Protein chains: 2
Amino acid sequence: MNIGSAARATDLPRKTIRYYEEIGLVRPARADNGYRDYCDTDVHRLRFVQRARSLGFSIEECRMLLSLYDDEHRASADVKALTLEKIGQIDRKLDELKSLRATLSRLADTCQGDGRPDCPIISDLART
Amino acid sequence: MNIGSAARATDLPRKTIRYYEEIGLVRPARADNGYRDYCDTDVHRLRFVQRARSLGFSIEECRMLLSLYDDEHRASADVKALTLEKIGQIDRKLDELKSLRATLSRLADTCQGDGRPDCPIISDLART
DNA sequence: TTTACGCCTTCCATCGGCGGGAAGGTCAAG
DNA sequence: CTTGACCTTCCCGCCGATGGAAGGCGTAAA
């Protein structure tokens, strides 16, 4: 299976698939003409990565998940730990964003938003 | 004022300050020896940018805020619009993260997290 | 005077996670 | 034989810095 078909089968751009090979995430065989040749397992792993990425796992985390996937003797606790760590990261990011939103919202509320130049948002940014 | 002092005064790394000059955000004068020479206004603008960045504004948005800051005839509505747009972006990001969190959380809940290899998280990622 | 040290300069490379596009090889259909 | 779709490698760009090398400048002490 050529890279184009693999791209259609996994819903990943060709560029991304090549990149994943470059960083050693999913390494296809090569046909005699030099074309990448994706077997079912490769496609399966690409889809695995695609899903993990869409869930917010970084490339390195995907690499770990893949190796856990490959490891028949893995402990499900290891996968769960990775997932819980990810949830923790998301929670921290959520807190940060909520705090930012509150600050911006407070600033926006105090601003008339009319044609006059007086603006508490700018004043706040420019405070000494 | 040399870049080191400006860095201390603004709580920005020297590298970042040089970067801001490179992209034309804050352009200091130069002393005879070629050293960057930051006046009070420059330092003030750097702090302005530092605050705007910490509120989640992009570099380009900071550039706009600076030009609004410089414009004595600005309309506060323009600043407010930028801020509201930023709040909208944050809301979209919040929704996305909440959704991700729910998915991961659901997966983690179904996983025993013990020493056995059976793992619904992996199974879900590997589903055909 | 020399040495040491800290600050400054420019330039180049790197990160993540790709995307765009050039230049050229390969393959199947008409 | 040509067309057009596919494939290859290669290099550059994005954002927002950050790290490091190589070398100049400034001051103080030995």
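Naming: A, B, ... by sequence-line order, numbering from 1 per chain. This structure is a prediction, so every number in the text was calculated from the model and none was measured.
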Inset, instruction - Rounded to 10°, tell me the angle between the two end axes of the helix from C:dT1-D:dA30 to C:dG30-D:dC1, each built from five pairs. - result: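 If I round to tens, the end axes sit 40° apart.
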Restricting to non-hydrogen atoms, name the atom on [X] and the atom on [Y] that form the minimum distance, rounded to 0.1 Å.
| X | Y | result |
| --- | --- | --- |
| A:Gly113 | B:Ser76 | N-OG, 3.3 Å |
| B:Asp37 | B:Met1 | OD1-N, 2.6 Å |
| B:Ala108 | A:Leu84 | CB-CD2, 4.0 Å |

Legend entry - Any residue of residues 5-37 of chain A with a heavy atom less than 4.0 Å from an atom of DNA chain D: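 Per residue number, the list reads A:Arg14, A:Lys15, A:Arg18, A:Arg30, A:Gly34, A:Tyr35, A:Arg36.
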Legend entry - Short N-O contact, A:Arg127 and A:Asp124, less than 4.0 angstrom: yes
Legend entry - Donor-acceptor pair, side chain of B:Lys86 and main chain of B:Gly56, under 3.5 angstrom: yes
Legend entry - A:Arg51 backbone acceptor or donor facing A:Ser54 side chain under 3.5 Å: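 Yes.
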Legend entry - Contacts of A:Arg74 that satisfy salt bridge (charged side-chain N to carboxylate O under 4.0 Å, His left out) - sequence neighbours left out: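 Applying salt bridge (charged side-chain N to carboxylate O under 4.0 Å, His left out) to A:Arg74 gives none.
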Inset, instruction - Tell me, please, the opening and closing nucleotides of DNA chain D, 5' to 3', among those with an atom under 4.0 angstrom from a non-hydrogen atom of chain B. - result: D:dG16 to D:dG26
Inset, instruction - Given salt bridge (charged side-chain N to carboxylate O under 4.0 Å, His left out), test B:Arg18 with B:Glu21 step by step and report yes or no. - result: CA-CA 5 Å; B:Arg18 283 193 200 102; B:Glu21 180 185 5; over 6 Å; no
Inset, instruction - Using side-chain hydrogen bond (donor to acceptor under 3.5 Å, both in side chains) as the criterion, list what pairs up with B:Arg116, not counting sequence neighbours. - result: B:Asp114
Inset, instruction - At the 4.0 Å heavy-atom cut-off to chain B, mark where contacts on DNA chain C begin and end, going 5' to 3'. - result: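 Endpoints of the contacted stretch of DNA chain C: C:dC7 to C:dC11.
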